[in-house]
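Notes to accompany the following structure.
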Amino acid sequence: MSSFFTLASPDSKKVSIPITLIIFSEYSSWFKSQTTQEKNWLESNNYTGKGFCLLPNQDGSISRVIYGIPDNEDFFIAGDLALQLPSGNYIIDESSSKKALSTPLTHLNFLISWGLSCYQFAPYKTNKTPNDNPLPILVASSQNLIDEAVSYIDSIALVRDLVNTPASDLMPQDISKQVDQLAKEFDAHSQHIIGDDLLTQNYPTIHAVGRASVHEPRLINLTWGNEKAPKVTLVGKGVCFDSGGLDLKPTSAMRLMKKDMGGAAHVLGLARLIMSQNLPVRLRVLIPAVENAVSANAFRPGDVLTTRKGITVEIDNTDAEGRLVLCDALTEADSESPDIIIDFATLTGACRVALGTELPGFFTQHIDVANNLSKSGNSVHDPVWQLPLHAPYQDMLKSDIADTLNSAPTGFGGAITAALYLQLFVSKETHWVHFDVMAWNNRKLPCRPIGGEAFGIRATFEYLNQRFR
Ligand code: BES
Ligand code: ZN
Ligand code: ZN
């Protein structure tokens with residue numbers, strides 16, 4: 001894991017510098033109740049309640065930190081404070097931060113966002129500790145709080161690490177290793193169907209997409225939890241590199257395609273969260289892992305594939321490969337009628353055109369699921385946005401010679417037509433949610449460096465918590 005561990009348990013013996021959290025709107029009344037010395041210091045530093053200010057002791061050491069926040073509506077509440085404070089131990093002063101901590105999640109979110117801001121992806125840097133001084137450490141007020149925060153930080157850092165790892169070091173067999181490691185840590189069971197076994201066990205589209213790579217395609221399966229508990233199945237697109245196949249991507253579109261296993265990374269991060277917080281479900285994770293490569297035996301535009309479900313699909317474009325590997329995995333997921341199937345995929349360029357790169361789109365035919373998922377997302381400040389499974393657009397996938405095309409020849413509504421293709425493989429009654437995610441930060445934001453990122457997993461975890469806990 002690449003995040004530097006910068007949280008400490010409450011029994012940490014070192015003296016900690018208190019941090020006072022103050023909401024902007026209460027700053028002026030708070031200011032009035034401070035000592036003359038503190039008032040003078042704050043004023044002479046031009047501090048007006050935004051960002052942070054260090055207050056000194058008589059001897060020049062730091063007595064406390066004042067940290068102003070706009071409201072308690074931001075999940076990334078600690079911002080990049082951990083990157084700005086001097087090295088040392090800090091602790092939130094609960095008694096002087098009462099208003100800011102009045103909502104139950106603020107304290108937890110401060111810890112999580114503090115940890116996330118310290119994330120760095122350094123394994124390929126010769127100098128593994130690029131900071132001159134050690135990062136500051138936040139001492140938590142209770143062990144429960146720290147355990148909960150760490151479960152989120154580790155899950156999100158896992159997603160970031162997997163997405164950031166270059167394709168040369170993260171091929172299907174490497175995802176298998178990651179899954180085995182996770183299974184070992186949480187006493188889960190993992191299984192891998194590899195190469196030509198995909199044909200004998202009837203996963204023809206996963207094989208067709210992945211067969212051109214020197215790294216054999218595979219379907220990875222992880223199960224965990226009580227057999228009798230409600231069944232939650234997660235499916236993640238694991239395209240370790242998407243060259244586009246014979247419909248080769250142009251240079252700029254290919255540049256970031258190491259992230260095309262972002263869906264797999266998301267479901268592993270979410271699985272980690274579910275297992276570490278012991279959600280009472282029977283979890284199943286399915287990851288079709290392939291490389292969409294170019295070779296003499298690559299699948300071609302115009303080929304017709306027969307899917308696991310029996311639906312025949314004419315290949316309009318070999319670059320619409322994600323839906324092909326997902327459709328066989330979804331058929332298998334649906335076969336045991338779980339209580340819910342949730343898939344994550346970096347499926348279309350069209351989704352980011354519709355919603356931008358920072359808002360994940362989701363599709364589901366069940367209104368209650370959609371409403372509750374949106375509500376859960378808002379309640380944990382992890383917004384997700386429903387897009388429509390607009391049935392009339394299914395016509396765009398009409399093939400002259402097969403049951404369906406894999407992609408619509410016009411790019412319009414591309415995220416919708418991709419979702420409609422997937423919908424063919426899930427029965428109507430099954431609660432199914434499909435997330436189209438970017439898995440990447442294009443710009444630096446507080447707590448979020450440029451690079452791999454988890455989108456919508458806290459919203460989904462909260463939804464599952466509300467429904468099954
Ligand atoms: N992995 C891409 C989608 C993608 C591209 C996600 C850029 C995020 C950023 C996917 O396999 C793909 O190439 N989709 C095509 C589909 C088209 C050929 C119908 C796309 O969206 O352009
Ligand atoms: Zn593609
Ligand atoms: Zn792809």
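When a ligand or atom number is given, it counts from 1 through the structure's own listing order. Remember, predicted model here, so these are calculated numbers, not experimental data.
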Residue D260, metal the Zn ion (ligand 2), N/O/S under 2.8 Å: no

contact_flag M254 ligand 1 heavy-atom lt 4.0 Å: no

Sole candidate of R160, R448, E358, E453 that passes side-chain hydrogen bond (donor to acceptor under 3.5 Å, both in side chains) when paired with N441: E453

Short N/O/S contact of V239 with the Zn ion (ligand 3) (below 2.8 Å): no

Shortest reach to atom 2 (C) of ligand 1 by a heavy atom, considering only V239, V209, D242: D242

M261 and V239, any side-chain heavy atoms less than 4.5 Å apart: no

Mutual orientation of the aromatic rings belonging to Y152 and F461 [parallel < 30°, tilted 30-60°, perpendicular > 60°]: perpendicular

The Zn ion (ligand 3) - closest N/O/S atom in E321: OE2

N/O/S atom name from D242 that is nearest to the position of the Zn ion (ligand 3): OD2

Atom 5 (C) of ligand 1: the protein heavy-atom neighbour that sits closest, reported with distance to 0.1 Å: M257 CE, 3.6 Å

Residue, atom name and distance, where the atom is the protein heavy atom closest to atom 1 (N) of ligand 1: D260 OD1, 2.8 Å

Shortest protein contact, atom 10 (C) of ligand 1 (heavy atom only): L347 O, 3.3 Å

Ligand-residue contact atoms, ligand 1 with K259, heavy atoms, under 4.0 Å: 8 (C), 9 (C)

Contacting atoms of ligand 1, where contact means under 4.0 angstrom from a heavy atom of E321: 11 (O)

Salt bridge R211-E216, side-chain N to carboxylate O under 4.0 Å: no

Location of contacts on D319 toward ligand 1, heavy atoms closer than 4.0 Å: both

Numbering as shown, the atoms of ligand 1 that approach N317 to under 4.0 Å (heavy-atom distance): 18 (C)

Nearest heavy-atom neighbours spanning H266 and A439: CE1-CB, 3.8 Å

Ligand 1 atoms in contact with R323 (distance to a heavy atom under 4.0 Å): 16 (C), 19 (C)

Nearest protein heavy atom with distance in Å, relative to atom 20 (C) of ligand 1: G349 N, 3.8 Å

Where ligand 1 meets T348 - atom numbers and elements under 4.0 angstrom, heavy-atom basis: 3 (C), 4 (C), 6 (C), 21 (O)

Under 3.5 Å side-chain donor-acceptor pair for W432 and D343: yes

K237: numbered ligand 1 atoms lying under 4.0 Å from its heavy atoms: 1 (N), 10 (C), 11 (O)

Region of D247 that comes within reach of ligand 1 [heavy atoms, distance under 4.0 Å]: neither

Where ligand 1 meets S407 - atom numbers and elements under 4.0 angstrom, heavy-atom basis: 19 (C)

CZ/R469: more than 12 non-hydrogen atoms of other groups inside 6.0 Å: yes

